[in-house]
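This report concerns only the one structure given below.
Chain identifiers are assigned alphabetically (A, B, ...) following the order of the sequence lines, protein sequences preceding nucleic acid strands; residue numbering begins at 1 within each chain.
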Number of protein chains: 2
Amino acid sequence: MPTDATLPSRARASDELLRTALEQFATVGFAGTSLQQIADHAGYSKSSVLYHYASKEALLEAAITPAIERLEALVDDFAEGRRSDAARGVFITRFVDLLLGERLAVHLFVSQGHSLGGIPIVERGNAAIRVLADAICSGATLVEQMRFGVALAGATYALVAGATFFDDVEMSELTNSHDDDEMRAALVEVVSELLLPADGRQTR
Amino acid sequence: MPTDATLPSRARASDELLRTALEQFATVGFAGTSLQQIADHAGYSKSSVLYHYASKEALLEAAITPAIERLEALVDDFAEGRRSDAARGVFITRFVDLLLGERLAVHLFVSQGHSLGGIPIVERGNAAIRVLADAICSGATLVEQMRFGVALAGATYALVAGATFFDDVEMSELTNSHDDDEMRAALVEVVSELLLPADGRQTR
DNA sequence: GCAGGATCTGACCGATCGGTCAATTACCGT
DNA sequence: ACGGTAATTGACCGATCGGTCAGATCCTGC
């Protein structure tokens with residue numbers, strides 16, 4: 001028998017725990033989630049959680065690292081490239097894709113990034129956001145900055161708020177597939193309206 | 001001697017505690033804040049905190065109730081009124097003023113409203129948001145809904161994110177007076193761009 | 001100056017926190 | 001069949017949690 005990629009009924013325990021932890025962290029907060037809750041929710045004992053992950057913090061790190069690294073890559077590309085309209089366009093779509101693809105991690109990072117100051121991976125994420133903000137703010141008017149801030153923050157938070165207020169069904173699980181396509185299109189359009197030099201409005 | 005409104009050096013103890021608690025709840029989260037922390041930060045003992053407020057939850061309730069009630073009033077006025085452009089305009093400015101005037105409470109409510117499901121005052125706030133969302137969504141296209149969502153969420157979160165990433169100085173204390181004026185103007189402009197039928201874009 | 005409420009505090013409570021450890025069980029190559 | 005590693009668990013630890021309670025201490029009206 002293969003050691004992994006076996007029957008789909010029971011995925012790797014560490015993955016189950018990671019998914020459960022991310023879901024809990026995102027919904028009730030990092031501080032508000034106990035290892036016991038995670039263990040219960042995933043069907044393991046608290047000791048098992050700590051066997052797979054050295055600490056609660058390690059669990060958090062494992063949960064959001066992929067999303068943070070995607071964010072870093074996106075920000076780096078945008079920051080060092082010139083800010084042509086085309087560059088802005090691809091940035092917007094990549095940003096929206098990141099939001100949709102990493103909902104839970106984004107929710108977690110975005111709404112608790114400030115409180116989780118000490119954790120290294122969170123600091124990396126905060127640093128990336130700061131780089132992005134600098135790239136935006138250099139030589140821009142306040143209104144222009146605000147436009148960028150509202151666009152990105154709005155897109156981000158619209159998802160989070162949507163998840164917060166409108167999930168009758170659990171917001172966990174896998175992607176909502178078909179809804180995401182409409183959502184993606186609408187988000188890209190609205191953000192583009194704000195950030196691209198549509199019609200006769202000045203870009204800067 | 002008067003029983004209150006006396007020397008400004010030491011305000012009412014319950015007010016000090018309330019301010020400290022709100023600040024802590026907003027910065028490190030409700031679950032992440034202990035009564036001991038609040039007591040230490042305010043210069044009292046934990047017992048004193050529980051003398052003035054019956055429980056941690058009561059402290060939270062007292063801290064955000066004013067902001068929630070302002071929100072309810074605003075949402076009610078908007079929801080029952082017809083949605084003319086003028087009505088939208090006054091809604092926008094009132095909304096921005098609410099954000100600026102109740103920063104900490106908004107931050108707290110917005111970024112933890114979901115996790116604090118059980119608390120009655122939080123539920124009232126969530127209900128108000130839902131009423132607002134319904135008023136917006138009824139008979140609107142997805143893009144239109146998204147425009148509204150991004151605008152309000154963006155304005156809200158731009159403040160929160162700003163507070164999260166850009167306060168060299170403590171974000172506590174009183175209002176930043178002069179900065180707020182520029183901020184207010186910029187916010188109103190950007191939100192208006194999105195929500196008002198500027199130039200030749202269709203309103204609906 | 002004294003009675004009495006308002007305020008403040010330390011000691012204490014059971015529960016739960018994150019985390020350690022030794023022992024047990026499941027599984028796999030040989 | 002066996003040996004060893006990976007996985008899982010309950011017992012247990014000190015610390016801290018939110019909250020109670022019985023005094024201290026202060027302050028004020030009489």
Nearest to the side chain of B:Leu50, heavy atoms from C-beta on, is which of D:dG19, D:dT9, D:dA7? D:dG19

Contact class for B:Ser34 vs. all strands (heavy atom < 4.0 Å): base, sugar-phosphate, or nothing? sugar-phosphate

How about NE2 on B:His52, more than 12 heavy atoms from neighbouring residues, nucleotides or ligands closer than 6.0 Å, or not? yes

Heavy atoms from C-beta onward define the side chain here; which of C:dA11, C:dA6, D:dA7 lies closest to that of A:His52? D:dA7

Less than 4.0 Å between a side-chain N and a carboxylate O, is that true for B:Asp40 and B:Lys46? no

Grab the NZ-P distance between A:Lys46 and C:dT16 for me, whole Å please. 11 Å

Please find the pair of heavy atoms, one from B:Ile38 and one from B:Ala21, that lie closest to each other, and give the distance. CD1-CB, 3.9 Å

Starting at atom CD of B:Glu57, determine the distance to atom C1' of D:dC17, rounded to an integer number of angstrom. 15 Å

Distance col, row A:Leu59:CG vs A:Leu35:CG, nearest 0.5 angstrom, shows 7.0 Å

Nearest-Å distance, OH (A:Tyr44) to P (D:dA7)? 10 Å

So, does A:Ser45 get its side chain near the phosphate of D:dT9, meaning an N or O under 4.0 Å from OP1 or OP2? yes

How is A:Leu35 classified with respect to the nucleic acid when contacts are heavy atoms under 4.0 Å: base, sugar-phosphate, or nothing? sugar-phosphate

How many whole angstroms separate atom CD of A:Glu16 from atom C1' of D:dA7? 13 Å

When you check the phosphate oxygens OP1 and OP2 of D:dT8, does a side-chain N or O of A:Tyr51 lie under 4.0 Å from one of them? no

With no hydrogens and no angle check, just 3.5 Å: does a side-chain donor-acceptor pair link B:Tyr53 and B:Glu61? no

Indicate, yes or no, whether a donor-acceptor pair under 3.5 Å links the base of D:dG19 to the side chain of B:Lys56. no

Check the phosphate of C:dT7 against B:Ser48, side-chain N and O only, distance under 4.0 Å to OP1 or OP2. Yes or no? no

Let's see if you can work this out: which of D:dT8, C:dT7, C:dA11 has an atom nearest to the side-chain heavy atoms of B:Arg12? C:dT7

Whole Å only: how far is the OH atom of A:Tyr53 from the C1' atom of D:dT8? 15 Å

Take the protein atom CD of A:Gln36 and the nucleotide atom C1' of D:dC17, then report the distance between them rounded to whole Å. 16 Å

